[in-house]
Amino acid sequence: MQVIGVSGSPRNNSSVDKLVKLILENLNNYNAEIISLKDLLINPCKGCLGCLKTNQCVQKDDWASVEETIRQAELMVLGVPAYYGAAFGINALTHNFLERWFAFRHQGLKLNLRKVILAIVSGEGHGEITAKYLKTFFEMYHGVEVVDNIIASGTTPCYVCGFGEHCAVSAFLHRHGEGAKITKDMIVPIEKQTSVIENIKKIKLTDG
Ligand SMILES: Cc1cc2nc3c(=O)[nH]c(=O)nc-3n(C[C@H](O)[C@H](O)[C@H](O)COP(=O)(O)O)c2cc1C
């Protein structure tokens, strides 16, 4: 089975990157290619319909360098950070990437992809919303089954920005209230999130 990982995090060594790697390793795909969207310039779909006849986007950007890999993959582990999760579910980098999949949807579906595993990192508990939006994207628009969602906790910027204990719009303040202190144990790295590791071990890929 052709397997790829994709990370939609704009940050270096991010939690999303780590989660995608852990899932691939658990599936014994240690050497699977991981596409890091932060290294690519992928513009939004222009709605020009230039892809209608060829199923290939006419824009000249880095989409062209990943299009064939995506088309050929049978299983994808997609890593996504929840940015403005309650409103949008996913971040803009991931959104641009997925919007360009429009080119695969003319005169039938032009994809080998059968299964997706979602690797979602959310700082403020919006992972389920992200999972719901992405399930709709894959299953309703692309006929691809989402076989599992692995949702991990990420670090909300308000916990590390230096103003989180007092800032009026701080997610930390909102959650813990005035007077609470940010402590190191509130930030748990992905590999130490035991329920996440257990859920990764439970991933089952049934044939068909
Ligand atoms: C611009 C921005 C907006 C964010 N909005 C949300 C949000 O609405 N809900 C949420 O759960 N986490 C939110 N977060 C926290 C991210 O989910 C978390 O920092 C990220 O997923 C950590 O992953 P990373 O280490 O791969 O960057 C936001 C982070 C940023 C930078």
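We count ligands from 1, going down the list as the structure has it; atoms in each ligand are counted the same way. Hydrogens, waters and symmetry mates play no part in the numbers below; they use all other heavy atoms, side chains included. Since the model is a prediction, treat every value here as computed from it, not as a measurement.
Scanning Tyr84, Tyr159, Tyr83 for the heavy atom closest to atom 29 (C) of ligand 1 points to Tyr83. Nearest-heavy-atom check against atom 22 (C) of ligand 1 across Val121, Thr156, Leu19, Ile120 picks out Val121.
With hydrogens and angles left out, the side-chain atoms of Asp62 and Ser65 include no donor and acceptor closer than 3.5 Å. A donor-acceptor contact closer than 3.5 angstrom is absent between the side chains of Ser9 and Asp17. Residues Asn112 and Glu74 bring no donor and acceptor atom of their side chains to less than 3.5 Å of each other.
Residue contacts with ligand 1, taken as heavy atom pairs separated by less than 4.0 Å, involve Arg11 solely via side-chain atoms from C-beta onward. The residue Asp17 has no part lying near ligand 1, judged by heavy-atom distances below 4.0 Å. Looking at Pro81 against ligand 1, both its backbone and its side chain come within 4.0 Å, counting heavy atoms. At a heavy-atom cutoff of 4.0 Å, ligand 1 is contacted by the side chain of Pro157 but not by its backbone.
Close contacts of ligand 1 with Ser14, meaning ligand atoms under 4.0 Å from a residue heavy atom, involve 24 (P), 25 (O), 26 (O), 27 (O). Counting atoms of ligand 1 from 1 in the listed order, those under 4.0 Å from a heavy atom of Ser9 are 26 (O), 27 (O). Those atoms of ligand 1 that come under 4.0 Å of a heavy atom in Val16, given as number and element, are 26 (O). Ligand-side atoms of ligand 1 in range of Gly125: 11 (O), range being under 4.0 angstrom from any heavy atom. Atoms of ligand 1 lying under 4.0 Å from at least one heavy atom of Ser122, given by number and element, are 10 (C), 11 (O), 17 (O).
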Could you check Arg100 against Glu67 for salt bridge (Lys or Arg N to Asp or Glu O under 4.0 Å), going step by step and ending with a plain yes or no? CA-CA 9 Å; Arg100 298 289 285 279; Glu67 186 177 28; over 6 Å; no
Audit row: Glu165, Lys181, salt bridge (Lys or Arg N to Asp or Glu O under 4.0 Å) steps and yes/no: CA-CA 6 Å; Glu165 290 171 1; Lys181 296 281 169 220; 3.6 Å; yes
Evaluation steps, salt bridge (Lys or Arg N to Asp or Glu O under 4.0 Å), between Lys201 and Glu198: CA-CA 5 Å; Lys201 287 184 185 151; Glu198 275 165 27; over 6 Å; no
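Considering only heavy atoms from C-beta on, Ile70 comes within 4.5 Å of Ile4 through its side chain. Using a 4.5 Å cut-off on side-chain heavy atoms (C-beta onward), Glu99 and Pro44 make contact.
Between Trp63 and Phe104, the distance from one ring center to the other falls under 6.0 angstrom. Checked against a 6.0 Å centroid threshold, the rings of Phe137 and His142 count as neighbours.
For ligand 1, the polar-atom distance check finds no N/O of Ala86 at less than 3.5 Å from any of the ligand's N/O atoms.
Given atom 10 (C) of ligand 1, the protein heavy atom at minimum distance is Glu124 N, 3.3 Å. With respect to atom 12 (N) of ligand 1, the closest heavy atom belonging to the protein is Gly123 N, 3.2 Å. Shortest contact from atom 18 (C) of ligand 1 to any protein heavy atom: Thr155 O, 3.5 Å. The protein heavy-atom contact nearest to atom 28 (C) of ligand 1 is Ala82 O, 3.6 Å. Protein heavy atom at the shortest distance from atom 9 (N) of ligand 1 is His126 ND1, 2.7 Å. Scanning the protein heavy atoms around atom 8 (O) of ligand 1, the nearest turns out to be Gly85 N, 2.7 Å.
Distance alone, capped at 3.5 Å, is enough to place a donor-acceptor pair between the Gln193 side chain and the Val188 backbone.
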